[in-house]
Number of protein chains: 2
Amino acid sequence: MLTKQRKQHILNTLQQQGNVVAKTLSQELGVSEDTIRRDLRELAKAGVLQRVHGGALPASPAVVDLTGRQQLSSDEKALLGRAAARLIEPDQVVFVDGGTSTLQLVRALPVDLRATIVTHSPVIAAELISHPAIQVVLIGGQLFKHSGVAVGAAALAAIRSIRADTYFLGVTGIHADYGLSTGDLEEAQIKRALIEQAAETVLMVTADKVGKVSPYVIASATAVSQLLVTHSTTPAQYQPLADLGIAVSLCE
Amino acid sequence: MLTKQRKQHILNTLQQQGNVVAKTLSQELGVSEDTIRRDLRELAKAGVLQRVHGGALPASPAVVDLTGRQQLSSDEKALLGRAAARLIEPDQVVFVDGGTSTLQLVRALPVDLRATIVTHSPVIAAELISHPAIQVVLIGGQLFKHSGVAVGAAALAAIRSIRADTYFLGVTGIHADYGLSTGDLEEAQIKRALIEQAAETVLMVTADKVGKVSPYVIASATAVSQLLVTHSTTPAQYQPLADLGIAVSLCE
DNA sequence: AATGTTCGTGCATTATCGTGCAATTTCATG
DNA sequence: CATGAAATTGCACGATAATGCACGAACATT
């Protein structure tokens with residue numbers, strides 16, 4: 001294995017798990033602990049991680065915190081959420097994805113709105129418990145810790161037994177050529193199923209996701225009929241998507 | 001677990017709850033009290049917290065973070081949760097009910113415990129997202145708003161496909177003659193199914209529930225093999241249950 | 001004042017670290 | 001193809017960090 005690949009693996013593991021242990025890495029990668037230590041030292045010197053006794057931590061503290069007590073979400077995301085909430089009509093059935101943007105959506109729902117929300121995110125569901133008029137359907141399955149949503153065969157089966165009017169989708173990348181993408185395979189499968197079961201899909205993303213590509217492709221960008229983005233998105237970013245026939249709305 | 005992470009955990013807990021106790025932390029984190037004391041000493045020397053006998057307090061006067069989370073429930077329930085957490089062995093599969101008592105249970109889980117938790121409560125599931133070693137299986141279904149758990153045919157079917165070692169149950173009434181009872185029919189059905197699918201059922205309740213009866217009966221009191229109650233429960237309350245062969249534990 | 005808990009210190013043990021060094025591989029250059 | 005420089009890796013060894021235990025002191029509670 002190439003040195004560079006090894007370092008990349010270390011960084012990936014770090015981002016995914018929030019920490020790495022030298023001993024574990026040496027076993028995983030089949031090299032001596034000395035080599036791992038050297039790698040960690042160099043990566044630390046380059047400033048991309050923080051060296052500690054026994055392993056390493058991310059350089060920027062607390063990137064891994066999707067625990068429901070989400071970090072104070074920006075005003076931009078709140079605007080996104082309010083815009084999305086306005087799209088829901090009474091008595092509709094909608095899918096709501098997990099994530100910070102969609103959490104803002106459910107927080108922005110009018111208290112008198114009667115509708116059904118289907119979600120595979122316990123955080124979204126927990127937030128809706130206090131809503132007086134929304135009926136909630138929870139999709140079960142194995143909980144995928146990284147993004148905090150249910151995945152797996154059980155979740156897929158449950159989704160395929162429901163049809164919804166609208167799906168409020170969140171992704172980590174949308175690109176006119178490479179489509180919608182996310183960081184995990186299972187999550188991509190779930191999102192794909194949700195798109196298929198919804199009459200219409202609305203994508204909610206912050207500006208930094210537009211034009212990006214993540215490892216696992218969900219579907220073509222045209223699977224989205226409407227795109228809600230924060231107002232800092234540039235025309236250069238969204239024009240290729242608008243050309244595909246997607247209705248782009250800047251929220252402000 | 002890395003030392004620095006442990007210290008971060010201490011600080012997080014401190015910010016969330018407004019105080020930390022050395023003994024509790026040592027159990028949660030799976031290290032000796034000496035190590036915790038050392039951590040607290042060093043954090044205090046760094047000025048980020050204030051050392052007190054038995055634990056520590058925030059350095060800056062108490063800006064407790066109550067974002068969304070339930071007000072810190074009574075110490076009694078926390079004790080109940082810790083006692084229940086100790087009953088879970090590594091690699092077990094356990095059902096965890098919804099409710100404030102069981103929420104204390106998942107909060108008291110040692111961070112290094114590897115086990116599977118199956119729950120139909122989005123609040124429990126959301127809390128466990130941040131736990132590094134617990135695998136979570138979410139039971140889907142319609143969300144019953146009053147108690148915030150999934151109910152209905154889908155939930156029942158999902159439960160019946162799983163067998164667990166232990167079920168941590170919460171109810172609104174337990175009585176030697178009238179058995180276990182709760183305030184909703186659908187919820188009662190779900191609890192009954194969970195009892196059937198678990199090798200052992202542990203009931204967690206506060207003193208005010210012991211000897212009470214609610215409208216919908218779940219099962220006979222003997223369905224419970226162990227009863228964890230708060231220490232304010234009187235012998236008059238629990239003796240009839242103990243006579244049925246239930247192991248009663250007062251938590252203090 | 002009595003008792004049990006918590007604390008701090010010293011010490012032993014273990015894991016981890018950094019450095020120097022030698023063996024091996026990679027690679028550019030003659 | 002040959003060769004030497006640079007890079008990479010593993011090992012040895014002394015240094016450092018982290019942890020748990022023991023014991024007497026400090027503290028809280030009654």
Side-chain angles (χ1 to χ4, degrees), chain A residues 1-14 17-59 61, chain B residues 1-14 17-59 74-76 78-79 82-83 85-86 90 108 110-114 132-133 230-232 249-252:
Chain A
M1 166 168 284
L2 269 37
T3 306
K4 208 156 187 178
Q5 283 183 306
R6 201 178 48 229
K7 288 189 181 174
Q8 190 56 52
H9 176 94
I10 293 175
L11 291 177
N12 287 345
T13 310
L14 188 59
Q17 315 204 3
N19 71 70
V20 289
V21 177
K23 197 172 191 172
T24 311
L25 284 172
S26 85
Q27 289 171 357
E28 263 178 37
L29 298 169
V31 294
S32 77
E33 288 184 46
D34 296 76
T35 303
I36 296 296
R37 267 198 289 275
R38 243 183 292 254
D39 289 344
L40 292 179
R41 223 176 306 164
E42 287 164 19
L43 290 168
K45 183 161 275 180
V48 294
L49 57 73
Q50 184 188 356
R51 190 76 170 84
V52 299
H53 203 85
L57 297 172
Chain B
M1 160 157 291
L2 271 32
T3 306
K4 204 149 187 176
Q5 282 186 304
R6 198 181 49 230
K7 290 188 183 175
Q8 190 58 51
H9 177 97
I10 293 175
L11 291 177
N12 288 344
T13 310
L14 189 59
Q17 316 204 357
N19 69 73
V20 289
V21 178
K23 196 171 193 172
T24 311
L25 284 173
S26 86
Q27 286 176 1
E28 264 181 34
L29 297 168
V31 294
S32 77
E33 288 184 49
D34 295 78
T35 302
I36 296 295
R37 267 197 289 275
R38 240 183 293 255
D39 289 344
L40 292 179
R41 221 176 303 159
E42 287 164 19
L43 291 169
K45 182 161 274 180
V48 294
L49 56 73
Q50 184 190 348
R51 191 78 169 82
V52 297
H53 205 83
L57 297 172
S74 65
D75 293 341
E76 287 201 337
L79 286 168
R82 281 201 283 278
R86 281 194 290 270
V111 290
D112 59 344
L113 178 66
R114 295 175 53 86
T230 49
H231 58 78
S232 54
S249 308
L250 269 64
C251 302
E252 50 194 336

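Side chains are part of it too, since the values below use all heavy atoms of this structure and drop only hydrogens, waters and symmetry mates. Just so it is clear: chains get the letters A, B, ... in the order the sequence lines come, proteins before strands, and each one is counted from 1.
- Residues B:Arg51 and B:Arg37 have side chains in contact (heavy-atom distance under 4.5 Å, counting atoms from C-beta outward).
- Following rounding to the nearest Å, B:Leu2 (CG) and D:dA17 (C1') show an atom-to-atom distance of 12 Å.
- The distance from atom CD1 of B:Ile36 to atom C1' of D:dG20 is 13 Å, rounded to the nearest whole Å.
- One distance of note links CG of B:Asp39 with CG of B:Leu25; it measures 9.0 Å at 0.5 Å rounding.
- As a whole-Å value, the separation of B:Asp34 CG from C:dT5 P is 16 Å.
- Contact between the side-chain N/O atoms of A:Thr35 and the OP1/OP2 oxygens of D:dG10 is found at a separation under 4.0 Å.
- A sub-4.0 Å separation between OP1 or OP2 of D:dT9 and a side-chain N or O of A:Thr3 is present.
- The residue B:Val52 sits close only to the backbone: its heavy atoms come under 4.0 Å of sugar-phosphate atoms, none of a base.
- For A:Glu42 and C:dG18, the CD to P distance is 12 Å, given to the nearest whole Å.
- Rounded to an integer number of Å, the gap from A:Arg41 CZ to D:dT9 C1' is 13 Å.
- One interatomic measurement links the two molecules: CZ of B:Arg37 to P of D:dA26, which rounds to 16 Å at whole-angstrom precision.
- With hydrogens and angles ignored, the 3.5 Å screen pairs no side-chain donor or acceptor of A:Gln27 with any backbone N or O of A:Thr24.
- Relative to the side chain of A:Arg51, the nucleotides C:dG18, D:dT9, C:dG8 differ in distance, and C:dG18 lies closest.
- Nucleotide D:dT8 holds its P atom 16 Å from the CG atom of A:Leu29, rounded to whole Å.
- No donor-acceptor pair under 3.5 Å is formed between the side chain of A:Thr35 and the backbone N or O of A:Val31.
- We find the CG-NZ distance between B:Leu40 and B:Lys7 to be 10.0 Å, quoted to the nearest 0.5 Å.
- Within the 4.0 Å cut-off from OP1 or OP2 of C:dT5, not a single side-chain nitrogen or oxygen of B:Lys23 is found.
- Nearest to the side chain of A:His53, among D:dT9, C:dC7, C:dT16, sits C:dT16.
- Side-chain nitrogen and oxygen atoms of B:Arg38 include none within less than 4.0 Å of the OP1 or OP2 phosphate oxygen of C:dG8.
- Look at CD on B:Glu33: it is 13 Å from C1' on D:dC21, rounded to the nearest Å.
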